[in-house]
Amino acid sequence: GGDGRAEPATGAAPARDTRAPFRFDYERFRRSLRHPVRGRRPGEDPETRARRMKIKEMMKFAWDNYKLYALGKNELRPLTKNGHIGNMFGGLRGATVVDALDTLYIMELEEEFQEAKKWVEKSFDLNVNGEASLFEVNIRYVGGLLATYYLTGEEVFKSKALELGEKLLPAFNTPTGIPRGVINLGRQDGMSWSWGWASAGSSILAEFGTLHLEFLHLSELSGNPVMNIRKVLNRVEKPQGLYPNFLSPVTGNWVQHHVSIGGLGDSFYEYLIKSWLMSDKKDAEAKKMYDDALEAIEKHLVKKSAGGLTYIAEWRGGVLDHKMGHLACFSGGMIALGAEHAGEERKRHYMDLAAEITSTCHESYARSDTKLGPEAFRFDAGTEAMATRLSERYYILRPEVVESYMYMWRLTHDPKYRQWGWEVVKALEKHCRVEAGFSGIRDVYTTTPTHDNMQQSFFLAETLKYLYLLFCEDDVLSLDDWVFNTEAHPLPVNHTNFKASVQQ
Ligand code: DMJ
């Protein structure tokens, strides 16, 4: 770009668009969908239906308790029966409401959906102050609002998404266009730097690499140009083809050589393949970057344990750490999703790899006393798929393993994935359900675990949604029509070319 930036982002879009107003043609968009959003409900066996209904009941229970004890706070604390605010969302409230909206809608919990909608209309305040994580606000709030707009056509969700999206733009005002990790929602200049703990003012791969899906939709709905920060990444040299987790938003160079498909790296890879899918397979640059990255990951990080379990290790400046985080377990689903679109031979290879990783993640659950998996598990000194450190034994209602079960089920219809999902439902009921909601546990290797007193918003957005979809027919939120953001909020595939559905 001519403004001195290193080929920025098509620039931070103007705070207010001065051109002719656009109108997104919602009806036209709905007609372009290949399946009704909540499916056609053909005849199915009673057991599948009963299981789905059980999961719906769990969602109602999680929502009702949040509503009763914590409405307007970010999360429910189910043991002490109060709300939690935390410091991730910079003054924004109602994270659980916004994260739960589309799940309530898809499950046909109509009354509860109306309660959530009413809160968004009447109480969701965007005029707030405080430091927020750009990534968290984007995936949970922007993603949740966009998905609910596309599912329902209700304007309130669109206007809140656009208003919030605009508040995030100052984060992109850096020399490279790579955004900062933290943004102060209350300040016009958005003057804040990244999280203190992220290596010396650097931005995190999984954070700045997990904006594209949502920002494309914000752009399409508003008519404002999209930022393209991918160019910087495509150009910078990658050690062995791998993407390290930390990058300087000032110089555009890597700050550390730690590579992980788990925390800090994870959803960057996910958003490459999903950008391609969301573009109706037109964004060839994203596909190529995904293919190359996966090849490098396979070459350098994918290993097989002595006991025959395939896992993805982490990489620290060339040295492997034989550890897999729970977060990394989303990759079974991602690799399967990408495999669907590879050539015949590659497809078989990647489907096998996806199945093996998903099975390893299942082992991390099966080998625990609670049948829930630890935060991280290791493959060293005779250990296979178990946590070795006390600090890695907890389970906080995370979705990644059931997310992979859902994709593997949709793409293979192997009944074991439904069985594995049902095991998770039973374990959640037994160990995480308490009197007033669901709680994470501190140690998956004891049948009398201590609860952490937190019902994470992603439990409603993701864990319960993916479990529910596992027991639905494939046309409910069909993969032909929707791409799930990293918080499981469905965003539509661009079948018709969004631009054409925008009228001046
Ligand atoms: C969620 O916010 C998202 O899935 C994110 O990609 C990773 N962390 C949590 C769930 O574990």
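For this chain, numbers begin at 1 and follow the sequence in order. All ligand and atom numbering here is 1-based and tracks the order in the structure. As a basis for the values below, the full set of heavy atoms in this structure was taken, side chains included, without hydrogen atoms, waters or symmetry mates.
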Mode of Ala206 contact toward ligand 1 - side chain, backbone, both, neither (heavy atoms, under 4.0 Å): neither
Closest approach of any protein heavy atom to atom 7 (C) of ligand 1, naming residue and atom: Leu327 CD2, 3.7 Å
Side-chain H-bond candidate by donor/acceptor type, Thr96 with Asn74, under 3.5 Å: no
Test item: Ile357 and Ile312 side chains (from C-beta on) under 4.5 Å apart, heavy atoms: yes
Note: Glu314-Arg316 ion pair, threshold 4.0 Å (strictly below): yes
Ligand 1-proximal atoms of Asp266, by part, heavy-atom distance under 4.0 Å: neither
Asp283 and Arg230 ion-paired at < 4.0 Å: yes
Sub-4.0 Å heavy-atom approach of Ile139 to ligand 1: yes
For ligand 1, the portion of Arg140 having any non-hydrogen atom under 4.0 Å away: side chain
Glu400 touching ligand 1 at heavy-atom level, < 4.0 angstrom: yes
Side chain, backbone, both or neither: His326 near ligand 1, heavy atoms under 4.0 Å: neither
Basic-acidic side-chain contact under 4.0 Å: Lys238, Asp292: no
Minimum-distance protein heavy atom relative to atom 9 (C) of ligand 1: Phe458 CD2, 3.6 Å
Ion pair check, Arg378 and Glu392, cut-off under 4.0 Å: yes
Aromatic plane relationship, Tyr395 with His326 - under 30° parallel, 30 to 60° tilted, over 60° perpendicular: tilted
Nearest non-hydrogen protein atom, atom 4 (O) of ligand 1: Glu462 OE2, 2.6 Å
Protein contact to atom 2 (O) of ligand 1 [nearest heavy atom, distance to 0.1 Å]: Glu487 OE1, 2.6 Å
Ion pair Lys371/Glu363, N-O distance below 4.0 Å: no
Closest protein heavy atom to atom 6 (O) of ligand 1, given as residue, atom name and distance to 0.1 Å: Thr486 OG1, 2.8 Å
